[in-house]
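Here is how names work: the chains are called A, B, and so on, in the same order as the sequence lines, proteins then strands, and each is numbered from 1.
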Amino acid sequence: MSAIRETYYIYRRNLKIWLVPATFLPPLFISGLLYILFAATFSEVTNLGGFATADYNAFLVSWIIVQAVVFSGGDSGFALLTDMMSGYFDKLLLAPINRFSILFGSLLVSATRAVAQAVIIIAIAFGLGVSFKTGFLGILVLIGFAAVFGLAWSCLSIVIAIKTRSVQATQSSFVLFFPFIFLTTAFMPEELLSGWFRVAVKANPVTYVTEAMRVLVVEGWTLTPVLQGLWVTVGTVVPLMLLTTWLYRRATT
Amino acid sequence: MSNDAIIQVENLVKVYPGGTKAVDDVTFSVGEGEFFGFLGPNGAGKSTTMKILGTLLGLTSGKARVGGYDVTRDPNKVRSVMGFAMQEVGLDDLASGRDFLVLQGILYGMNRREAMARATELLDLVALSDVAQRKVGAYSGGMRRRIDLAAALVHNPRVLFLDEPTTGLDPQSRLAIWEHLETLNERGITVFLTTQMMEEADHLCQRIAIVDRGQIVAEGTPTDLKAEVGDDLVIMSVAGENDQERRLGAEKAGEMLSNLSYVDGVNVADYDLSVSVKKGGAAAPDLLRALGDVGVTVSNLSLSSPTLDDVFLKHTGRTIRHDEAGGDEYGQAMRQWMGLSRR
């Protein structure tokens, strides 16, 4: 259908913009750096027990993917806002197209970005000698988690972009994402956490997604945590998608 | 006119969320093939009206139809018959000129090959073929307006909306745009432009509406509007051996000229004559001949015609200031909304 065709071409255009090295390299560099730095810092910590693996590189990889897709979710709002400020967004709205193809063309880039990031981080993990317990299929599920969960954060940044119409606010939305990323079982399993931190970690949806992905790397097909992660992902993405679509609709009428 | 009107606006009102009434009961129509202009200062409601017609803004009340389609009920049909080039040019800076036009073509329903062919054609039309592969962000101001114009033409629209198409351009680029617009209009495309520049409205438009504070204060051809304000003035200095002789000559000339049928009035100050006539250019040779017949020679002659600024002055008591950089009521509202004006 024509709406799918329009979405595809707008997606291609947005993808081209993202594929500028200055845009896609820095987040990858930071992810790689975080991975290597934290892995080096905590390499012996698995001796404490409770990690389900002796390989800290394997323990860490799921969180590295999650932080990458969460942080770069902010790019979606920023890209949309840039088009709004330049007037190009109006130009797109002037064409006799379904206006949601503009939004979905942008969200698809977010999903593509998340997939690319996950693939590259997994490749680094392989390079570091990580063995994935659930094999190829598990890796596909891991990538799926990254793509869908990344979408939630892209929606959030688009919501911020539409509500604030401020480049500064949208750019600094990652500050808001920070606690979500770090108040998790990023570096330690839950059993080793205590006090308010443990409470916050348990309340944070990012924890469940990180755990689900981690289980797939270090344990295998343990259903309960994987399903928990799945529900949390769906429960985050669906309302945020609805909110984004609703706000977008309002902003374009 | 109303039958073959391609743009019909009835009692259009637009109130922005902040309460600003940008368009206040505006009614007008534009015939197919016409070159029509909205002339007025910043904040007059020009851009707002155009954005409503272009389906970019909702209206508060009233009716607006473009190409026979209602802008509120059939926005996509309106979009398919009109091209729109904006004041704050909405370009994709990171795309090459060609890619930008190709995507536009595709979004207007062409397949890739058609869109490529159309892009080549349009790049040629606006004389940008040489820089087609260059990123739009690297284009000069004039080139940006031209690529924007090309984008607006991608689907062969019947109506072209141009919001201040030459604001901020150097005279040479402005002339280039004017020529393009005249060519397009000759090919049958209806053009509706907004401008703050009297010269632009005067030079290009067959008919204009002068707008101020959201209302149309005058409408007509530039010639009629100017004629309404008053006569042309032919100003002449009488020649002579000395001041005395010149003064006498002027007195004699004044008396004689005021009896001519096509002269509406004569004012004599020392040896200068100001003669009011309907059409200064046509009357000047006759006036000189008449003076020659009574032995009065003229050392200096100049012509002064009313401008559209005089028309604006007559209807609003103010002059159009078009020297202010950019901005319109839409832009102001947007900036306020974005929190940029709260510095």
Side-chain angles (χ1 to χ4, degrees), chain A residues 1-24 75 78-102 105-106 109 160-171 249-253, chain B residues 51 53-58 69 72 74-96 99-112 115 135-137 144 147-148 151-152 154-155 157 161 163 330-331 334-340 342:
Chain A
M1 277 231 346
S2 67
I4 293 172
R5 185 171 167 272
E6 291 151 18
T7 307
Y8 167 70
Y9 277 104
I10 290 171
Y11 161 73
R12 265 181 52 147
R13 177 258 171 186
N14 290 342
L15 195 62
K16 245 186 191 171
I17 288 176
W18 174 68
L19 276 176
V20 176
T23 314
F24 78 84
D75 292 355
F78 182 66
L80 187 70
L81 200 59
T82 308
D83 281 346
M84 283 180 167
M85 304 290 275
S86 77
Y88 186 66
F89 185 74
D90 275 348
K91 178 127 288 174
L92 291 176
L93 285 180
L94 279 167
I97 58 172
N98 187 320
R99 61 204 148 138
F100 289 105
S101 35
I102 308 171
S106 145
V109 171
I160 294 171
I162 293 178
K163 287 307 280 181
T164 64
R165 305 269 165 163
S166 149
V167 175
Q168 289 91 330
T170 308
Q171 253 181 333
R249 186 195 187 87
R250 257 196 3 180
T252 54
T253 8
Chain B
K51 286 202 159 84
L53 292 175
T55 73
L56 280 176
L57 260 185
Y69 303 114
T72 345
D74 282 325
N76 267 356
K77 289 205 169 119
V78 170
R79 286 170 194 146
S80 61
V81 296
M82 60 117 192
F84 198 114
M86 280 170 269
Q87 177 183 356
E88 283 130 19
V89 185
L91 297 176
D92 185 0
D93 282 346
L94 297 167
S96 73
D99 286 351
F100 170 66
L101 290 180
V102 169
L103 180 58
Q104 281 296 116
I106 286 169
L107 295 179
Y108 279 90
M110 294 175 198
N111 66 37
R112 209 172 162 74
K135 288 239 176 356
V136 171
R144 291 172 71 80
I147 195 89
D148 196 31
V154 119
H155 55 301
F161 288 106
D163 193 11
Y330 178 76
M334 283 293 280
R335 276 188 286 279
Q336 200 166 15
W337 186 36
M338 291 177 177
L340 297 179
R342 268 182 261 129

Colleague: Roughly how far apart are Leu94(B) CG and Thr82(A) OG1, rounded to 0.5 Å?
Modeller: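 The CG atom of Leu94(B) sits 9.0 Å away from the OG1 atom of Thr82(A).
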Colleague: What's the shortest heavy-atom distance between Lys91(A) and Gly90(B), and which atoms?
Modeller: CD-O, 3.3 Å
Colleague: Using non-hydrogen atoms and a 4.5 Å limit, figure out which bit of Leu103(B) sits close to chain A: side chain, backbone, both or neither.
Modeller: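 For Leu103(B), the side chain is the part near chain A, not the backbone.
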Colleague: At their closest point, which heavy atom of Arg5(A) faces which heavy atom of Asn111(B), and how far apart are they?
Modeller: NH2-CA, 3.6 Å
Colleague: Need one label for Leu107(B): side chain, backbone, both or neither, based on atoms under 4.5 Å from any heavy atom in chain A.
Modeller: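 Both backbone and side chain.
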Colleague: Are any side-chain N or O atoms of Arg79(B) and backbone N or O atoms of Leu93(A), one a donor and one an acceptor, separated by less than 3.5 Å?
Modeller: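 Side chain of Arg79(B) to backbone of Leu93(A): a pair is present.
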Colleague: What is the distance from atom CG of Leu94(A) to atom CG of Leu56(B), rounded to the nearest 0.5 Å?
Modeller: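 Between atom CG of Leu94(A) and atom CG of Leu56(B) there are 4.0 Å.
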Colleague: Using every non-hydrogen atom in the two residues, find where Leu91(B) and Ser86(A) come nearest and quote the distance to one decimal.
Modeller: O-OG, 3.8 Å
Colleague: How would you list, by chain and number, every residue that makes a side-chain contact (heavy atoms from CB on, under 4.5 Å) with Asp99(B), sequence neighbours excluded?
Modeller: Lys16(A), Ala95(B), Ser96(B)
Colleague: If you round to the nearest 0.5 Å, how far is CG of Asp90(A) from CG of Leu57(B)?
Modeller: 8.5 Å
